[in-house]
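Whatever order the structure lists ligands and atoms in, that order sets their numbers, starting from 1.
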Amino acid sequence: MADKQADLEVGGETYHFPTLEGTVGPDVIDIRKLYGSTGRFTYDPGYKSTASCESALTYIDGDEGVLLHRGYPIGQLAEHSSFMEVSYLLLNGELPSKEELDDFTQTITYHTMIHDQMRQFYQGFRRDAHPMAIMCGVVGALSAFYHDSTDISDPEQRKIASHRLLAKMPTIAAMAYKYSVGQPFLYPDNSLSYTGNFLRMTFGVPAEEYEVVPAVEKAMDRIFILHADHEQNASTSTVRLAGSSGANPFACISAGIACLWGPAHGGANEAALNMLREIGTPDRIPHYIERAKDKNDPFRLMGFGHRVYKNYDPRATVMQKTVREVFDALKVSDPVFETALQLEEMALKDDYFVEKKLFPNVDFYSGVILSAIGFPTTMFTALFALARTVGWVAQWNEMISDPDQVIGRPRQLYTGPTERDYVPIDQR
Ligand code: CMC
């Protein structure tokens with residue numbers, strides 16, 4: 001930590017605040033004593049200039065388009081690693097040895113089943129329920145089924161809860177899908193990989209043998225890697241904030257799922273594909289670009305722009321490549337991919353997008369791949385939630401393990417009425 005300081009002049013007085021230095025990235029000004037010394041708060045709606053915590057998990061340089069997990073570039077992890085290995089890395093800080101990875105994979109594999117009574121829980125949802133609605137409910141309900149891993153002060157219970165969440169998420173997501181299409185649930189098959197098992201539970205039916213297509217399994221695994229963690233985004237901050245009060249991990253992850261659902265966050269992959277399908281053919285692209293630029297039109301190019309990336313999202317690069325691999329493996333093509341490529345090309349040449357540094361993000365191409373694999377759009381955000389669970393639990397664990405952790409409690413700039421007397425209803 002550096003002992004550089006920042007000076008702030010308020011009402012003619014100068015106050016000194018220490019600045020803290022991370023291993024890489026901008027220094028931060030430590031203003032924890034600001035209110036005590038100046039009687040002022042900072043004002044930063046949307047946290048555009050606020051570091052909410054210290055973290056050693058993920059680093060993003062948005063100007064350069066860099067994303068590192070525990071120091072490893074996302075492109076290298078997507079190319080050479082597996083989702084299980086990246087999960088181990090995020091949870092434990094280092095890449096595993098072969099033995100460590102085998103042990104970890106075995107542990108996760110043997111926790112994939114959910115309590116059988118939870119099957120009945122699903123029946124309470126309308127049969128056309130959105131999978132994300134089911135996920136919010138079912139994941140929160142895990143806390144009612146696994147009481148032996150909700151004592152957050154016990155590191156062993158935290159570890160078990162983390163493993164349970166990571167392991168059961170594919171089962172829960174696949175069951176949400178099965179329920180929504182009226183097909184019977186499939187139990188996990190421990191002989192398959194994490195990703196292969198998820199594909200089988202989603203697309204398999206009891207009457208037939210399901211064959212996992214290796215190229216699809218690899219693409220899906222890579223999609224999980226690309227979504228595994230992303231620093232202090234809205235849903236991760238939600239998980240941290242929920243966890244800071246001491247809430248149990250299942251409830252916290254359920255809160256994260258709810259936040260992820262929004263179209264400005266995880267819901268953008270569903271919105272992006274719907275938008276591409278609505279555009280339909282490349283000749284209609286200019287009309288939609290004009291709409292996106294029109295301040296009086298709420299329409300935005302979904303899958304474009306990012307709070308942190310002011311350059312190409314490195315995950316979008318891998319996604320675009322993966323589309324081609326999946327199309328080749330499944331011998332399919334979808335005109336929507338051509339529309340996406342042309343939309344990207346035209347937007348990146350347009351002054352509006354250039355000046356505002358709006359580039360494709362992870363969600364721009366993911367929907368095209370997921371749709372080719374066979375997922376309905378309503379499942380896209382559920383898949384994002386499945387993959388992000390490891391990031392959420394790793395961030396939650398990091399926070400709870402910190403001895404200086406306190407409840408998250410922002411303040412505000414109050415603009416409501418000042419104190420006034422209650423008026424009885426007959427006098428109003
Ligand atoms: N299309 C058209 N204009 C846009 C877009 C877009 N997709 N994104 C931002 N802008 C404009 C925006 O109108 C604003 O213009 P002005 O300065 O004239 O008011 C400027 O760019 C800055 O936008 P902002 O909304 O202030 O930026 P933000 O950091 O608050 O929002 C964002 C980031 C991701 C919410 C936004 O870019 C957006 O809504 N994108 C579409 C939704 C999307 O793809 N979300 C997925 C994000 S990546 C995956 C994830 O994290 O979940």
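Applying the side-chain contact (heavy atoms from CB on, under 4.5 Å) criterion to Ala347, with sequence neighbours excluded, gives Ile289, Leu301, Phe304, Phe353.
A distance-only check finds no donor-acceptor pair linking the side chain of Gln405 to the backbone of Ser401 [under 3.5 Å]. Judged purely by atom type and a 3.5 angstrom limit, Ser143 has no side-chain atom pairing as donor or acceptor with the backbone of Phe250.
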For ligand 1, list all ligand N or O to protein N or O distances below 3.5 Å, rounded to 0.1 Å.
| from | atom 1 | to | atom 2 | distance (Å) |
| --- | --- | --- | --- | --- |
| ligand 1 | 1 (N) | Leu301 | N | 3.1 |
| ligand 1 | 3 (N) | Tyr352 | OH | 2.9 |
| ligand 1 | 7 (N) | Leu301 | O | 2.7 |
| ligand 1 | 7 (N) | Phe304 | O | 2.9 |
| ligand 1 | 13 (O) | Lys295 | NZ | 3.3 |
| ligand 1 | 13 (O) | Arg300 | NH2 | 3.2 |
| ligand 1 | 15 (O) | Lys295 | NZ | 3.4 |
| ligand 1 | 18 (O) | Lys295 | NZ | 3.1 |
| ligand 1 | 18 (O) | Lys356 | NZ | 2.8 |
| ligand 1 | 25 (O) | Arg300 | NH1 | 3.0 |
| ligand 1 | 25 (O) | Arg300 | NH2 | 3.0 |
| ligand 1 | 29 (O) | Arg307 | NE | 2.7 |
| ligand 1 | 30 (O) | Arg307 | NH2 | 3.0 |
| ligand 1 | 39 (O) | Arg300 | NH1 | 2.8 |
| ligand 1 | 40 (N) | Phe304 | O | 2.9 |
| ligand 1 | 44 (O) | Gly303 | N | 2.8 |
| ligand 1 | 44 (O) | Asn361 | ND2 | 2.9 |
| ligand 1 | 45 (N) | Ala264 | O | 3.1 |
| ligand 1 | 51 (O) | His265 | ND1 | 3.4 |
| ligand 1 | 52 (O) | His265 | O | 3.1 |
| ligand 1 | 52 (O) | His265 | ND1 | 2.6 |
| ligand 1 | 52 (O) | Gly266 | N | 3.4 |

Checklist entry - Passes side chain to side chain contact (heavy atoms under 4.5 Å, CB included), Ile172 versus Leu142? Steps please. => result CA-CA 10 Å; Ile172 292 170; Leu142 290 173; 4.0 Å; yes
Give the table of side-chain donor-acceptor pairs shorter than 3.5 Å for residues 78-85, with sequence neighbours excluded, one pair per line with atom names and distance.
| from | atom 1 | to | atom 2 | distance (Å) |
| --- | --- | --- | --- | --- |
| Glu79 | OE1 | Lys321 | NZ | 3.2 |
| Ser81 | OG | Glu85 | OE1 | 2.6 |
| Ser82 | OG | Glu85 | N | 3.1 |

Do any side-chain atoms of residues 257-268 form donor-acceptor pairs under 3.5 angstrom with protein atoms, and if so which ones, sequence neighbours left out?
| from | atom 1 | to | atom 2 | distance (Å) |
| --- | --- | --- | --- | --- |
| His265 | NE2 | Asn233 | OD1 | 3.3 |
| His265 | NE2 | Ser235 | N | 3.2 |
| His265 | NE2 | Ser235 | OG | 2.9 |

